[in-house]
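Take a look at the structure set out below.
Indexing begins at 1, ligand by ligand and atom by atom, following the structure's order. It should be emphasised that the depicted structure is a prediction, and the values quoted were computed from it without experimental measurement. All heavy atoms count here, side chains included; hydrogens, waters and symmetry mates do not.
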Amino acid sequence: MVKQEKYKGKFIFVCESCNFRYATREWAEKCEHHCETKHSCSLEITKHAIKIK
Ligand SMILES: [Zn+2]
């Protein structure tokens, strides 16, 4: 399940498999689907992740 979190007043979406965060649910769902089926992260997907310090 993609988790929704609030960050700096906006909602962001988190892949529960790898904990990468995305600005859109679409990317988080793509990431999660990839994580669950391939058991690894896709660079093509994770490059869209938000970097949070
Ligand atoms: Zn993921």
Would the distance check show the side chain of His34 and the main-chain N or O of Ile45 forming a donor-acceptor pair, the cut-off being under 3.5 Å?
no
Closer than 2.8 Å to the Zn ion (ligand 1), do we get an N, O or S atom from His34, backbone or side chain?
no
Listing, residues 20-30 side-chain donor-acceptor contacts under 3.5 Å, not counting sequence neighbours, or none:
{"from": "Arg21", "atom 1": "NE", "to": "Glu5", "atom 2": "OE1", "distance (Å)": "3.3"}
{"from": "Arg21", "atom 1": "NH1", "to": "Asn19", "atom 2": "O", "distance (Å)": "3.4"}
{"from": "Thr24", "atom 1": "OG1", "to": "Trp27", "atom 2": "N", "distance (Å)": "3.3"}

Distance to the ring centre below 6.0 angstrom and angle to the axis at most 45 degrees; does that hold for Lys3 and Phe13?
no
Using 0.5 Å steps for rounding, measure from the SG atom of Cys18 to the CD atom of Glu36.
10.0 Å
Kindly report the SG-the Zn ion (ligand 1)-SG angle for Cys35 and Cys31 respectively, rounded to 10°.
120°
SG (Cys15) - the Zn ion (ligand 1) - SG (Cys18) angle, nearest 10°:
100°
Contact check: Cys41 to the Zn ion (ligand 1), N/O/S below 2.8 Å
no
